[in-house]
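The next block holds one structure in the form of structure tokens; read it before the comments.
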There are 2 protein chains.
Amino acid sequence: MKETAHPAPDRPQITATHRELLDQVLDKWSLHVLDELCERSLRFNELRRAIPVVTQKSLTATLRRLERNGMVERLIVNTRPIAVEYRITPLGKTLQDLIDALLEWSTANMPRVERARARFDAEEG
Amino acid sequence: MKETAHPAPDRPQITATHRELLDQVLDKWSLHVLDELCERSLRFNELRRAIPVVTQKSLTATLRRLERNGMVERLIVNTRPIAVEYRITPLGKTLQDLIDALLEWSTANMPRVERARARFDAEEG
DNA sequence: CGGTATCCTTCTCGATACTG
DNA sequence: CAGTATCGAGAAGGATACCG
């Protein structure tokens with residue numbers, strides 16, 4: 001009976017810093033890219049094929065941002081022609097459980113959300 | 001030794017539907033609003049004061065979206081003048097643990113992220 | 001292969017003014 | 001109090017072309 005007694009005793013406040021980090025790391029493409037890279041390291045064009053809806057530009061931007069935040073590593077392999085492999089870092093790995101939880105939540109609650117949307121849209125006319 | 005054996009056996013794929021839902025529900029303002037409403041129900045201007053950086057327009061849009069997706073309820077109290085109370089729904093409540101987990105992750109890993117950024121920015125010149 | 005650079009359209013978002 | 005309406009700046013994002 002610990003959850004009804006008080007609202008939220010030690011809940012951390014959302015700051016601009018929090019928001020900014022979560023925005024950079026959990027935006028639509030980042031989520032997708034991290035999800036793929038958690039499974040296995042991939043090359044640039046492999047990622048493109050794994051996420052067919054992303055454009056080259058957006059994928060590049062996403063990877064650079066994730067690299068800057070320490071979530072993925074960029075490894076240049078000196079073959080002919082050049083190959084670039086993207087690999088999740090230990091820090092990036094710490095997001096895996098969260099991403100899985102988000103996907104599970106989404107899967108589990110999608111029907112309820114869709115019913116809510118239908119109800120809302122019906123009332124609007 | 002179950003986590004090194006195979007990459008990801010039953011990992012759910014991210015679909016456009018997943019992404020869209022998470023985008024609508026975990027964007028910057030939604031996260032903030034849900035976080036506040038998980039603690040207690042609030043009126044419109046109370047929310048504005050609780051989240052001082054949000055504009056009225058964005059707050060309205062965020063609340064409508066959350067309402068449409070079944071995350072919050074909008075209760076019109078017929079006082080003089082009118083009062084509108086926003087309350088989290090049971091469906092919205094299912095996000096609380098996730099949001100807490102996101103905030104905890106963000107708090108815990110912020111230092112590592114900042115070091116990664118500093119390293120990245122230094123290398124760029 | 002793994003990108004950059006450029007253009008251009010779309011959408012977001014803040015500021016401001018007004019309303020029941 | 002709790003919004004809506006409108007405008008305009010700026011960012012996001014796609015299409016396309018080109019490069020080492």
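Protein chains get the first letters and strands the later ones, always in sequence-line order, with residue 1 at the start of each. No hydrogens, no waters, no symmetry mates; every other heavy atom, side chains included, goes into these values.
Sorted by first and then second residue, the salt bridge (charged side-chain N to carboxylate O under 4.0 Å, His left out) pairs involving residues 59-70 of chain B (not counting sequence neighbours) are D121(A)-R68(B), D27(B)-R65(B).
Residues forming a side-chain hydrogen bond (donor to acceptor under 3.5 Å, both in side chains) with R117(B) (at least two apart in sequence, or on another chain): N69(A). With sequence neighbours excluded, no residue forms a salt bridge (charged side-chain N to carboxylate O under 4.0 Å, His left out) with D97(A). Partners of D100(A) under the salt bridge (charged side-chain N to carboxylate O under 4.0 Å, His left out) rule, at least two apart in sequence or in another chain, are R11(B). Annotation: side-chain hydrogen bond (donor to acceptor under 3.5 Å, both in side chains) contacts of T60(B) (sequence neighbours excluded): none. Judged as a side chain to side chain contact (heavy atoms under 4.5 Å, CB included), and not counting sequence neighbours, the contacts of R112(B) are P90(A), L91(A), T94(A), N109(B), R115(B). In this view, H32(A) satisfies the side-chain hydrogen bond (donor to acceptor under 3.5 Å, both in side chains) rule with no residue, not counting sequence neighbours. Scanning for side-chain hydrogen bond (donor to acceptor under 3.5 Å, both in side chains) contacts around T15(A) gives H18(A), with sequence neighbours left out.
Rounded to 10°, the helix from dC1(C)-dG20(D) to dG20(C)-dC1(D) has 50° between the axis fitted to its first five pairs and the one fitted to its last five.
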Can you give me every donor-acceptor pair (side chain of residues 72-80 of chain A, partner residue at least two apart or in another chain, under 3.5 Å) with its distance?
| from | atom 1 | to | atom 2 | distance (Å) |
| --- | --- | --- | --- | --- |
| R74(A) | NE | Y86(A) | OH | 3.2 |
| T79(A) | OG1 | P81(A) | O | 2.8 |

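Contact annotation: the side chain of T55(A) never approaches that of W29(A) to less than 4.5 Å [non-hydrogen atoms, C-beta and beyond].
Nucleotides of DNA chain C lying under 4.0 Å from heavy atoms of chain A occupy a range whose first and last members, 5' to 3', are dC1(C) to dC7(C).
Listed pair R43(B) / dC1(D) fails the phosphate criterion, with no side-chain N or O lying under 4.0 Å from OP1 or OP2.
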Item checked: Under 4.0 Å protein heavy-atom contact, by nucleotide of nucleotides 3-15 of chain D - B base, S sugar-phosphate only -> BB-BB-----BBB
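Across the protein-nucleic acid pair, I82(A) atom CD1 and dG20(D) atom P stand 13 Å apart, rounded to whole Å.
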